[in-house]
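The structure under discussion appears below in the form of structure tokens.
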Amino acid sequence: MEPSAPVTDPNQEVMASASGSGFRVAVVGATGAVGSVVLELLAQRGFQAREVVPFASERSAGRRLDGPALPALSAELRSLMPETIEGFDLALFSAGSDVSGEWAPRFADAGAVVIDHSSRWRMEPDVPLVVSEVNPHDLDAHRGIVANPNCSTMQMVVALKPLHDEAGIERVVVSTYQSTSGTGVRAVEEMKAQSHALLHELEPDPPSVYPHRIAFNVLPQVETFKDGDDYTTEERKMINETRKIMGEETLRISPTCVRVPVVCGHSESINLQTRDDLSPERCREVLAAAPGVTVLDDPDAGRYPLAIDAAGRDDVLVGRIRRDPSNERTLNLWVVGDNLRKGAALNAVQVAELMAERGLIRPAARTAA
Ligand SMILES: NC(=O)c1ccc[n+]([C@@H]2O[C@H](COP(=O)([O-])OP(=O)(O)OC[C@H]3O[C@@H](n4cnc5c(N)ncnc54)[C@H](OP(=O)(O)O)[C@@H]3O)[C@@H](O)[C@H]2O)c1
């Protein structure tokens with residue numbers, strides 16, 4: 001599907017729907033890195049909402065939200081309670097796995113479709129794990145909860161899918177360079193505070209979000225080494241989620257996930273072996289025609305994807321497309337995306353738009369609280 005075009009006045013359609021038509025939407029985790037972009041995108045894309053209710057933790061309940069100008073938005077943050085979650089058509093969750101584990105089924109039982117950013121439901125067999133450009137057909141099988149993939153997986157599959165359709169991908173070796181906003185608001189604050197201290201020749205506070213200092217450093221660990229595994233949970237997600245989204249249970253994927261001191265935008269070096277030969281020229285053509293992808297590939301002129309250029313953009317940027325001189329039928333690519341947009345909030349809103357278009361969201365009783 002083509003995403004609905006942004007309206008000239010971003011709030012125009014929301015204003016129109018605030019009067020009575022449209023969906024009643026809960027945004028859970030509205031104060032977070034992802035939730036604040038969800039609110040921004042609902043406004044910018046004119047999502048058909050008659051009311052948008054922001055939820056956060058009990059710490060924030062009652063506080064006014066300094067969010068985007070979204071007329072359908074209730075100003076006051078609510079906490080999750082049995083009486084506050086009734087009467088929603090749609091709930092966009094970005095409050096972590098524990099909150100999703102407990103509250104997503106409750107919203108679904110109360111009649112809402114839940115689109116969840118956490119890893120809690122992604123690998124459940126009856127939960128579709130959907131990237132809007134890659135496997136929108138999987139939404140038909142939803143049973144109340146739809147999962148949004150991990151950010152590094154998301155931007156990778158947007159680029160891989162059209163190449164898989166063209167030449168058949170046999171093996172992927174990927175190294176990520178992931179930004180701190182991928183860990184949330186506190187991680188960005190930690191990096192900035194450490195950088196400020198170091199630039200003023202002061203000793204930074206000990207790290208509390210990451211296991212080591214992130215400022216002026218590179219960490220070859222994203223998330224945890226669970227149960228003695230020598231791959232991190234993030235790396236396992238890249239393997240398992242990519243296979244599920246692409247419907248290729250045995251696809252060979254070898255990931256190394258790395259955290260870098262960047263505010264927003266994940267970068268990935270991808271080495272791709274295909275079944276059929278794929279020239280760099282044909283690869284560029286296929287990607288240039290693919291939805292959600294922009295090719296930026298003129299290295300001589302210094303044109304290639306940069307995290308600072310991807311931040312705030314919807315498309316996944318691809319460049320440095322070249323043959324691997326060490327292996328046949330293999331290309332190298334550099335893929336960069338905004339982890340808070342296509343890597344998270346944008347995909348969730350695109351999935352909501354698709355579900356609304358296809359009648360997969362049931363309007364709750366108009367009289368509901
Ligand atoms: N950041 C990314 O690039 C990205 C990408 C894909 C997926 N995700 C996933 O999205 C989720 C959120 O990530 P984030 O980066 O946005 O984190 P974040 O910046 O730390 O925000 C967390 C949000 O959850 C809220 N929250 C915490 N406990 C809650 C509770 N008991 N009830 C209701 N709300 C609660 C927080 O509210 P308070 O302000 O009140 O604490 C805040 O709004 C995570 O599962 C993450 O893995 C993130």
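Each ligand, and each atom within it, is numbered from 1 in the order the structure gives. Computed over heavy atoms, backbone and side chain alike; hydrogens, waters and symmetry mates excluded.
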Can you check whether [Y]'s main-chain N or O pairs, donor with acceptor, with [X]'s side chain at less than 3.5 Å?
{"X": "Arg259", "Y": "Ser179", "value": "yes"}
{"X": "Asn217", "Y": "Arg213", "value": "yes"}
{"X": "Asp338", "Y": "Arg341", "value": "yes"}

Would [X] and [Y] count as having a side-chain donor-acceptor pair, cut-off 3.5 Å?
{"X": "Asn271", "Y": "Thr330", "answer": "no"}
{"X": "Asn327", "Y": "Asp324", "answer": "no"}
{"X": "Thr183", "Y": "Tyr210", "answer": "yes"}
{"X": "Glu234", "Y": "Gln178", "answer": "yes"}

Tell me, which protein residue and heavy-atom name are nearest [atom], and how many Å apart are they?
{"atom": "atom 30 (C) of ligand 1", "result": "Val99 CG2, 3.6 Å"}
{"atom": "atom 41 (O) of ligand 1", "result": "Arg59 NH2, 2.7 Å"}
{"atom": "atom 45 (O) of ligand 1", "result": "Gly96 CA, 3.2 Å"}
{"atom": "atom 40 (O) of ligand 1", "result": "Ser60 OG, 2.4 Å"}
{"atom": "atom 28 (N) of ligand 1", "result": "Ser57 CB, 3.8 Å"}
{"atom": "atom 17 (O) of ligand 1", "result": "Gly184 CA, 3.9 Å"}
{"atom": "atom 1 (N) of ligand 1", "result": "Ser181 O, 2.8 Å"}
{"atom": "atom 3 (O) of ligand 1", "result": "Asn339 ND2, 3.1 Å"}

What part of [X] sits under 4.0 Å from ligand 1 if we count only heavy atoms: the side chain, the backbone, both or neither?
{"X": "Ala30", "value": "backbone"}
{"X": "His117", "value": "both"}
{"X": "Ser100", "value": "neither"}
{"X": "Val185", "value": "both"}
{"X": "Val34", "value": "both"}

Is atom 34 (N) of ligand 1 close to the protein, meaning a heavy atom under 4.0 Å from it? yes

Is atom 6 (C) of ligand 1 near the protein, in the sense that some protein heavy atom lies at less than 4.0 Å from it? yes

Close-contact set for ligand 1 against [X] heavy atoms, below 4.0 Å:
{"X": "Gly343", "answer": "5 (C), 6 (C)"}
{"X": "Leu340", "answer": "1 (N), 2 (C), 3 (O)"}
{"X": "Cys151", "answer": "5 (C)"}
{"X": "Leu80", "answer": "32 (N), 33 (C)"}

If I take atom CZ from residue Arg122 and atom CG from residue Asn150, how far apart are they, to the nearest 0.5 angstrom? 5.0 Å

Nearest heavy-atom contact between Ser267 and Trp334 is CB-CZ2, 3.4 Å

Geometry only, no angles: is [X] polar-contacting ligand 1 at N/O separations under 3.5 Å?
{"X": "Ala344", "result": "no"}
{"X": "Gly32", "result": "yes"}
{"X": "Arg63", "result": "no"}
{"X": "Ala33", "result": "yes"}

Run the ring-centre check on Phe93 versus Phe55 and record whether the distance is less than 6.0 Å. no

Does ligand 1 have an atom under 4.0 Å from some heavy atom of Arg186? no

Flag if over 12 foreign heavy atoms under 6.0 Å of [atom1], [X]:
{"X": "Asp276", "atom1": "CG", "answer": "yes"}
{"X": "Arg143", "atom1": "CZ", "answer": "no"}
{"X": "Glu124", "atom1": "CD", "answer": "yes"}

What about Ile214 and Val258, same hydrophobic cluster or not, with Ile/Leu/Val/Met/Phe/Trp/Tyr joined at side-chain heavy-atom distances under 4.5 Å? no

Heavy-atom nearest neighbour of atom 38 (P) of ligand 1 within options Thr31, Val27, Asn347: Thr31

Identity of the nearest option to atom 26 (N) of ligand 1, non-hydrogen atoms only, from Ser94, Ala95, Ser118, Gly35: Ala95

Pair Ser269, Tyr177 - check side chain to side chain donor-acceptor pair (under 3.5 Å), show working. CA-CA 8 Å; Ser269 166; Tyr177 304 67; 5.2 Å; no

